[in-house]
Amino acid sequence: MLPQLRVLSLETISKIGQEVLLQGWVNARRNLGKIVFLDLRDRSGVVQVVAGPRDLDAASVDRLKDVRPEWVVAIRGVVQERGEKQKNPELPTGRVEVIAKELAILASAEPLPLDLEDEKIGLDIHLDFLPITLRSPKWQAVFKIQAEIAESFRAYLRSDGFTEFAAPKIVGSSTEGGANVFRLKYFDREAFLAQSPQFYKQIMVGIFERVFTVGNVYRAEEHATTRHLNEYTSLDLEMGFIHDHTDIMATEIGWLRHLLNHLEQTVPAELQQWQWQRPLLPEVIPALKLREAQQLIKEDTGVDHTAEPDLEPHEERWLSEYAKAKFQSDFLFITHYPTAKRPMYTYPDEADPDYTKSFDLLFRGVEITTGGQRINNYEQLVGNIKKWGLNPDNFKFYLESFRYGMPPEGGLAVGLERLTARLLGIDNVKLATLFPRDLNRIDLQLSPPEYKQ
RNA sequence: GGGUCGGUAGAUCAACUUGGUUAGAUCGCUUCCCUGUCACGGAAGAGGUUGCGGGUUCGAGUCCCGUCCGACCCGCCA
């Protein structure tokens, strides 16, 4: 067997003539008879290994016969510059190759049930085989990018005086009303999976002024669309001492600008895999009041939805097209949603109390953010809880923050998977989710028995 | 919850409109040949109760009914 050497990533193959230990998966195997070429993949990339009887010991030659794609192997060899005719300028490591001297098999692999390079794999098959489909560079790229989106959120906010906290996922009362909650047994009583960290981030404003949290939230809605999940990752921020909701919008614009630069700096190759088109982000994202937006749609299409409390999905798409053409922006804020259709903590506009100081952010046809100013006055908040038909006793814990001094504040929540999907032009949000939970799927456990093997 | 569309080798699809011997193709898989390939190439081969059940018919992958599964749209939301 091979001596235990340290792992040498492919990035370090710079010194010609160096002896290295490579550990990775076999990406491809080209058997020319006596000589075998292996493309070996590790976290840093892919490199060609040349395995032939001239340099390889007899036992390794024997083991080599069995090696197939996705087998995990360790190879001791020497880095060599390729001959002029053998250089492949299309590959990042096409200038070099590793001459194998010894090969050990760390794990065998059954033949793949699908083709990792196949771009047309069905959604169902893709999701059922996520543990292997995610190995392809294209899907690796999605989730590397997603990790950097979350990283950018953290980095930007931290630099702006925000403190990160972890919000509980098991909660004693359902927060927002509206959306359905997952119920669960909590010892001898009932509890819920959190639909949002809303109450906790507001409470935390009373402590740190500016906070953010990144975590999963749960919605028990029986929807089946390309933009809904039953578990998704929410990027939440909340900040005190604001003037109104526009301060929150300004914070979001600042982050988005940081985000685009951060991605282009940290994961340029991964963006390129998805034919990255940098979103149009003007200095100030255009903003329309809901009623103004509906009026525009009415004028253009003749369909009068100016009495509706929210936009329909096709109207969101229409408005995104409009904003792109009119303002050269892939983003569009819609503000001032009706008070009656927003949660009880949403701040009403003093000038027009039927509408709120709230906003959604549309990005390439889909809503990716909801935010706004919150009611920070204790009496007003209690009054609203009653007005919404809720019992203030159930909100005592939450209300303590406001009873004992809460500054004017507000915040927002961004759907991480939706943002990822829209940034990369992925049609279905499930494909921008590592392990999506939906109506029909918790990994394989809700799938038909024949898939379980 | 309402609506629309779909289900054929391991994968991606064809054959369905107009019913007709042994349901094809590509990739993958197996065996053999090959020391400069790079998604290597070449030769041969295996692999399908056409989701399931029933019906119409001399005959059904194809038409009809039921059922299961899935995708998409809507409601709701991020």
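Just so it is clear, the model here is predicted, and its values are computed rather than measured. Chain A is the first sequence line, chain B the second, and so forth, proteins listed ahead of strands; every chain is numbered from 1.
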Among B/C77, B/C72, B/U35, which is the nearest nucleotide to the side chain of A/Leu32?
->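 Looking only at side-chain atoms, A/Leu32 lies closest to B/U35.
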
Looking at the side chain of A/Arg219, which of B/C40, B/A71, B/C77 is the nearest nucleotide?
->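 Shortest atom-to-atom distance from the side chain points to B/C77.
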
What heavy-atom pair brings A/Tyr345 and A/Gln202 nearest, and what distance separates the two atoms?
->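 Minimum heavy-atom separation between A/Tyr345 and A/Gln202: CG-OE1, 4.1 Å.
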
SB check A/Glu367 A/Arg227 (cutoff 4.0 Å) =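 No, A/Glu367 and A/Arg227 are not salt-bridged.
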
Base-pairing assignment for B/A14 (Watson-Crick or G-U wobble, both under 3.5 Å) |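 Pairing partner, where one exists within any strand: none, as none qualifies.
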
Would you indicate what [X] reaches in the nucleic acid, counting non-hydrogen atoms under 4.0 angstrom: base, sugar-phosphate, or nothing?
{"X": "A/Arg317", "answer": "sugar-phosphate"}
{"X": "A/Arg68", "answer": "sugar-phosphate"}
{"X": "A/Ile368", "answer": "sugar-phosphate"}

Check: B/C76 base within 3.5 Å donor-acceptor of A/His228 side chain |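 A donor-acceptor contact between them is present.
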
Is any N or O donor-acceptor pair between the side chain of A/Arg30 and the base of B/C34 shorter than 3.5 Å?
->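 Under the 3.5 Å cut-off, the side chain and the base do not form any donor-acceptor pair.
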
Partner of A/His305 under side chain to side chain donor-acceptor pair (under 3.5 Å), chosen from A/Glu315, A/Lys298, A/Gln294 =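 One option only clears the test, and that one is A/Glu315.
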
Side chain to side chain donor-acceptor pair (under 3.5 Å) against A/Gln48, all qualifying residues, sequence neighbours excluded |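 Here the qualifying residues are A/Arg30, A/Glu97.
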
Tell me whether A/Phe37 is stacked on the nucleobase of B/G36, counting only the six-membered base ring and applying the 5.5 Å and 30° thresholds.
->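 Given the distance and angle limits, no, they do not stack.
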
Taking only N/O atoms, report every protein-nucleotides 9-11 of chain B pair under 3.5 Å with atom names and distance.
| unit_1 | atom_1 | unit_2 | atom_2 | d |
| --- | --- | --- | --- | --- |
| B/G10 | O2' | A/Pro113 | O | 2.4 |
| B/A11 | O4' | A/Pro113 | O | 3.3 |

Would you sort out whether A/Arg441 and A/Asp128 count as a salt bridge (charged side-chain N to carboxylate O under 4.0 Å, His left out), showing the intermediate values?
-> CA-CA 9 Å; A/Arg441 185 182 301 280; A/Asp128 281 348; 2.5 Å; yes

